[in-house]
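Have a look at the structure below, then the notes.
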There are 2 protein chains.
Amino acid sequence: MKDITPQQQKVLDCIQVYINKTGFPPTRADICRELGFKSPNSAETHLRALEKKGFISIESGASRGISINNPEITHLENEYPIVGLVAAGSPTLASENVEKVLNCPKGFFGSDFDYFLRVRGLSMKDAGIMEDDLIAVKKTQEIKNGDIVVARIEDEVTVKYFQRSAPNIIHLKPANEEFSDIEVNLEETELYIEGKSVGLIREN
Amino acid sequence: MKDITPQQQKVLDCIQVYINKTGFPPTRADICRELGFKSPNSAETHLRALEKKGFISIESGASRGISINNPEITHLENEYPIVGLVAAGSPTLASENVEKVLNCPKGFFGSDFDYFLRVRGLSMKDAGIMEDDLIAVKKTQEIKNGDIVVARIEDEVTVKYFQRSAPNIIHLKPANEEFSDIEVNLEETELYIEGKSVGLIREN
DNA sequence: CATTATACTGTATAAATATATAGTATAATT
DNA sequence: AATTATACTATATATTTATACAGTATAATG
């Protein structure tokens with residue numbers, strides 16, 4: 001299946017929502033109304049593009065003859081490793097620490113991400129991050145103050161709020177009164193940011 | 001719902017089969033072809049009878065505007081609707097409230113589930129459920145004390161811990177000190193359990 | 001630079017479709 | 001005996017709808 005463009009995704013979503021709402025697929029005019037197009041041909045061309053790329057099927061001649069093609073599951077692309085936060089000293093992403101893999105559609109959390117990290121402890125409790133939750137981690141160094149980051153301090157890995165207080169001073173702040181801030185002086189201590197949290201999954 | 005006649009049952013089955021086969025409802029002519037009628041009005045009168053008895057809804061003027069009335073929220077495989085919690089007084093799980101759909105592998109949360117509910121408010125904050133989180137809801141009446149349930153009290157829908165304190169007394173307990181317990185006397189107040197939470201997704 | 005894909009507006013029309021009206025016939029209620 | 005619901009045929013028509021054709025514009029590609 002070829003790549004879908006943002007507009008085509010919008011149209012595809014619109015069709016799905018319309019079917020969920022009404023029980024039957026939209027007409028070209030319905031799509032125009034929902035998405036603000038002024039010509040039925042705008043919908044038509046998008047539909048033909050979606051059909052060509054394999055996302056939908058169109059029954060020729062039939063009114064509302066649109067049906068969504070169920071995409072195949074189990075793409076290796078969509079298999080993300082679940083990494084367990086293990087005892088200090090181990091390199092976090094070593095394969096020994098991969099609990100299992102989880103099938104998850106690409107772009108599930110809006111942003112891209114690289115792996116799931118299983119959370120230990122309640123230091124981010126007030127941010128709604130509980131023990132055993134899975135954090136979707138994006139490997140990046142583009143961190144803003146307030147981001148929830150996966151940080152490694154000399155082999156110990158933690159999840160905390162990130163705050164740069166001075167050029168060389170980073171505060172890693174928990175979201176739980178019972179825990180205290182970690183102050184890292186970059187001149188004394190080695191700090192490595194593994195990435196930041198872009199989403200969360202909890203399995204009850 | 002009134003009694004259905006054998007012929008009407010045939011027509012209803014025909015509609016269901018047609019939707020399953022093609023993804024969209026039949027026209028009058030389609031029904032005639034399937035069931036061997038020679039006049040579109042044969043289908044029309046059956047449809048009107050089925051509508052009158054509440055088995056189907058017909059969108060006037062729209063082509064293929066037939067939908068089968070079951071209060072269930074239906075969805076394609078792996079496409080789960082996201083239902084928004086709207087203002088009190090509205091029937092919350094009505095299909096009008098479907099924000100969009102989310103592709104999610106089956107069995108993602110171990111247990112099966114039926115739809116996502118977008119959480120409003122912070123009444124379950126200490127359970128790690130924050131505003132705008134998506135709760136994976138399984139429609140079931142098998143509820144144990146301590147389960148997180150989606151409960152409806154006279155048109156108002158909330159997410160709370162479930163606790164049966166006496167045969168006729170249910171406590172709906174928030175996970176936030178700033179909110180107070182809701183005590184429901186089943187003899188006085190109508191309580192409907194929409195389902196229970198089996199998982200959670202947060203998009204940062 | 002020419003070509004192709006995307007993303008639209010605007011207009012037109014043949015085909016698809018819902019739906020009304022006019023009948024016929026049978027069985028079940030009132 | 002009269003009314004009502006069911007179960008159809010047959011025909012007609014206004015509306016809905018898909019879809020083609022003619023354009024404009026922009027970005028990407030070879």
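Chain letters run A, B, ... following the sequence lines, proteins first, then strands; residues in each count from 1. Just so it is clear, the model here is predicted, and its values are computed rather than measured.
Between A:Q8 and C:dA5 there is no side-chain polar atom (N or O) within less than 4.0 angstrom of OP1 or OP2. Contact annotation: B:S60 side-chain N/O to C:dT19 OP1/OP2 distance is under 4.0 Å. Contact annotation: B:T5 side-chain N/O to D:dA7 OP1/OP2 distance is under 4.0 Å. Between B:R48 and C:dT19 there is a side-chain polar atom (N or O) within less than 4.0 angstrom of OP1 or OP2. For A:R28 and D:dT17, the shortest distance from a side-chain N or O to OP1 or OP2 is not below 4.0 Å.
Residue A:S63 is classed as a sugar-phosphate contact, given heavy-atom separations below 4.0 Å to backbone atoms only. At the heavy-atom level, A:S42 lies under 4.0 Å from base atoms of the strands shown. Backbone-only contact: B:A62 has heavy atoms under 4.0 Å from sugar-phosphate atoms and none from a base.
Judged purely by distance below 3.5 Å, without hydrogens or angles, the side chains of B:R64 and A:S63 pair a donor atom with an acceptor atom. Between the side chains of A:K160 and A:S123, at least one donor N or O sits under 3.5 Å from an acceptor N or O. Side-chain polar atoms of B:S57 and B:N69 form a donor-acceptor pair below 3.5 angstrom.
At whole-Å resolution of the value, CD1 in A:I31 and C1' in D:dA18 are 12 Å apart. In this structure, A:F55 atom CZ and C:dT6 atom P are separated by 11 Å, rounded to whole Å. Here the C1' atom of nucleotide C:dC8 and the CG atom of A:L47 are 14 Å apart, to the nearest Å. Atom P of nucleotide C:dT17 and atom CZ of A:R64 are separated by 11 Å, given to the nearest angstrom. When the P atom of C:dT17 is taken as reference, atom CD of A:E59 falls 9 Å away, rounded to whole Å. Going from atom CD1 of B:I4 over to atom P of D:dA5 covers 17 Å, rounded to whole Å. In this structure, B:E44 places its CD atom 15 Å from C1' of D:dT6, rounding to the nearest Å. Note: NZ (B:K53) to C1' (D:dA5) measures 8 Å, nearest angstrom.
Under the 6.0 Å cut-off for aromatic ring centres, A:F108 and A:Y80 do not qualify, their centroids lying 6.0 Å or more apart. Ring-centre distance between A:F37 and A:H46: below the 6.0 Å cut-off.
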Any N/O pairs under 3.5 Å between the protein and nucleotides 21-27 of chain D? List them or say none.
{"from": "D:dC21", "atom 1": "N4", "to": "A:N41", "atom 2": "ND2", "distance (Å)": "3.3"}
{"from": "D:dA22", "atom 1": "N6", "to": "A:N41", "atom 2": "ND2", "distance (Å)": "3.3"}

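For D:dA10, the base has a donor-acceptor partner in the side chain of B:S39 [N/O atoms by modelled type, under 3.5 angstrom].
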One pair to check against side chain to side chain contact (heavy atoms under 4.5 Å, CB included): A:V137 and A:V198. What are the steps and the verdict? CA-CA 6 Å; A:V137 179; A:V198 299; over 6 Å; no
Residue pair A:I68, A:I15: steps toward the side chain to side chain contact (heavy atoms under 4.5 Å, CB included) verdict: CA-CA 8 Å; A:I68 292 177; A:I15 296 166; 4.0 Å; yes
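The residue among B:A49 and A:I66 whose nearest nucleotide of DNA chain D is located toward the 5' end is B:A49. Each of A:P40 and A:H46 has a nearest nucleotide on DNA chain C; the 5'-most of these lies closest to A:H46.
Side-chain N or O atoms of B:D13 include none that pairs as donor or acceptor with a backbone N or O of B:K10 at under 3.5 Å.
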